[in-house]
Amino acid sequence: MNVTSTPPLPAWGMGGAENEPLLTVEDLHVEFATRQGVVKAVNGVSYALRPGETLAVLGESGSGKSVTAQAIMGILDTPPARIPKGRVRFRGTDLLRLSEDARTQIRGRRISMIFQDALSALNPVFTVGSQIGEMFQVHEGVSRREAERRAVELMDRVRIPGARQRLHDYPHQFSGGMRQRIMIAMAIALGPEVLIADEPTTALDVTVQAQIMELLAEVQRESGMGLILITHDLGVVADVADKIVVMYGGRVVENAPVRDIYRNPAHPYTRGLLESVPRADRKGRELYAIAGMPPDLLDMPPGCAFAPRCPYRQDNCVTEPVPLYRIGATRGSACHYWREVLDGGHG
Amino acid sequence: MAATGSPILEVRDLVKHFPMTQGVLVRKQIGAIRAVDGVSFDLRRGETLGIVGESGCGKSTLAKLLMGLERPTSGSVRIKGREIAGARESELKGVRRTIQLVMQDPYTSLNPRMTVGDIVGEPYEIHPGAAPKGDRRRRVQALLEMVGLNPDHINRYPHQFSGGQRQRIGIARGLALQPEIIVCDEPVSALDVSIQAQVINLLARLQRELGLAYVFIAHDLSVVRHISDRVGVMYLGKMVELGGDAEIYGQPAHPYTQELLSAAPVPDPDGRERRRRIVLQGDPPSPANPPSGCRFRTRCWKAQEICAQQEPPLQLRPGTWHESACHFAEVYDIMRRPF
């Protein structure tokens, strides 16, 4: 491999495999045993990611968006976590059935992840150079010298100024934005096919957020990897996503191409979220506010989890489980009354 | 939210430097963090002044100075004409009834061992004159009702409430002494999106009903725009632009404001390919060693020699109707995003 330039486009980024999903999550369930009882964090989540695609997973705290990602990565602590049901297929192989050794071969190398809090994800007692270089030493068995050389290359690629001089600095000596760049460098070091970014810019200022999102887009363009962007920020999603999965109470409540959702949401929760965003043309008016609170994951209602807060609620919403209705070639909504929601208004 | 009359809060040339020291036995000062470095503004009754800026720009230190929780290095803070900068603690106590603080984190800002009634009623322990003892329970219940909580929950503990409800408890506590000014330091940024709108609406309603003036500090530009009558933009301890909300958001004149607004993602995918951004390189300089002249010059695409030599004061500039601190201030219509 020619290591002086950026890694070449891998074969999976091109050609006929384009429409084959790279990664699919199928009817995934995750629960946690706690002293208070069983927390049902993920209750039948399905989504698919294709090469080169950016899939945004939108949801609030407790929606199950991060737990789903951790199940994909295989970094859930079991126990207390348990996966009673579901599949995570990566290029056809169900990751949940693999041995820990086999998963280690995939984790970090073919599927990697970056987190919101880059400072606690980095080891404070090792230099950033050794932490980035470690990726190459452990996975590719290269010498320390070679690992260091490639660490500098990667730091250049993620635009850390003065990479060679900063190789021996410790994480605390970097700003929040630079630390996130270091995380990205480590995540892309081995040329993964899937990158999962869990709230990568939430802790950052808006100007730094713009830099990081630009960097992620650029890395994706060069490598053709699939990106799963987990976020609660409707603005970030609108900027970069191809497809969106909206999660609520551990379920997917809506999925669609990005433009469809913003133009005409098909689930009351999505509609409520979009209408509650402060915008210039809503100035001086009362904001639309979704009433009530998110569901208690210890005590999930038998019907739709959003029903207690929903302006479209009918009796059957409270009692009957809601499937994810297919409402178009590429869209789905988990609402019995999706037609009314599409027609607009708060019901 | 019409602002009327003379200013209720006047801030002039406010400065706060935190000394940096070295040495164990003999501590000597080796420099200072210039957190707030010459900030001036007025706030009128019933008005909301939004303060935006990124981490390290000094906006939270400014909040503490306004509350009298930090002593300013120099400058003046007058509340209803009374100077609180450098005032004795006994003098401050009276003034604090007029100005109250709502904090960011509803999890750490409420004592987990106190009931909601004790938390909201605590200001009456400190200011016994504000409410006679026999009347306090009734007042606390009225406050809970005012912020949209069930008054019967007065004996519950903070952990029995959600994040949004806890923020309401914090707001009720802030209202207990019937203040005229509330300093809100990132009041909704710890909350989920679906809860944010509830709290923003509550703050707007309380302002209408009680005639409160807000200093609303936040990093979320769209939230600040929604609630503010005027907006100040801070960078490295300085106010770089100050004006009406429509002026700051529609016709920003300072390059930093333009950059900040262009960096904020818009929740609308239509036309995203055409949207262009000014993406600054690098990080802000350290407030311990700010650049000479204009503090933004090291990252500014307009910077000339004069910017390093002369600090541009915050003042009206040709072709603008609001104050900005840039030698080359020039209005851009941000809605058209011409960059």
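Just so it is clear: chains get the letters A, B, ... in the order the sequence lines come, proteins before strands, and each one is counted from 1.
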Chi angles and distances behind the side-chain contact (heavy atoms from CB on, under 4.5 Å) call for B:Ser222, A:Arg279 = CA-CA 6 Å; B:Ser222 58; A:Arg279 281 196 330 213; over 6 Å; no

Using a cut-off of 6.0 Å, state whether more than 12 heavy atoms not belonging to B:Glu145 lie near its atom CD.
-> no

What one should report as the nearest heavy-atom pair of A:Arg309 and B:Ser194 is NH2-OG, 3.2 Å

List the steps, then state whether side chain to side chain donor-acceptor pair (under 3.5 Å) holds for A:Ser276 with B:Gln196.
-> CA-CA 8 Å; A:Ser276 65; B:Gln196 278 191 4; over 6 Å; no

What are the two closest heavy atoms between B:Arg272 and A:Asp239, and how far apart are they?
-> CD-O, 3.2 Å

Considering residues, nucleotides and ligands other than B:Arg205, do more than 12 of their heavy atoms fall under 6.0 Å from its CZ?
-> yes

Non-hydrogen atoms of B:Glu54 and A:Val208 that approach each other most closely = OE2-N, 4.4 Å

Which pair of heavy atoms, one from A:Thr207 and one from B:Ala263, lies closest together, and at what distance?
-> CA-CB, 4.0 Å

If you round to the nearest 0.5 Å, how far is CG of A:Leu234 from CG of B:Asp268?
-> 11.5 Å

Could you tell me the separation between the CG atom of A:Asp205 and the SG atom of B:Cys57, rounded to the nearest 0.5 Å?
-> 8.5 Å

Of the non-hydrogen atoms in B:Gln198 and A:Gly292, which two are nearest, and what is the gap between them?
-> NE2-O, 3.3 Å

Listed by chain and number, what are the salt bridge (Lys or Arg N to Asp or Glu O under 4.0 Å) partners of B:Asp245, not counting sequence neighbours?
-> A:Lys283

So with a 6.0 Å cut-off around NZ of A:Lys40, is the heavy-atom count from everything else above 12?
-> no

The interface call for A:Arg285 against chain B, heavy-atom contacts under 4.5 Å, is backbone

Would you please test A:Val206 and B:His219 for side-chain contact (heavy atoms from CB on, under 4.5 Å) and show each step?
-> CA-CA 8 Å; A:Val206 58; B:His219 70 280; over 6 Å; no

Mind checking ring pair (Phe, Tyr, Trp, His ring centres under 6.0 Å) for B:Tyr214 and listing every partner two or more places apart, or none if nothing turns up?
-> none

Considering all heavy atoms, the nearest B:Pro269-A:Arg259 contact | O-NH2, 3.2 Å

NE2-CG distance between B:His226 and A:Leu287, expressed to the nearest 0.5 angstrom | 3.5 Å

Whatever's closer than 4.5 Å to a heavy atom in chain B on A:Val277 counts as side chain

Who among A:Gly235, A:Pro294, A:Gly176, A:Ala210 has the most heavy-atom pairs with chain B under 4.5 Å?
-> A:Gly235

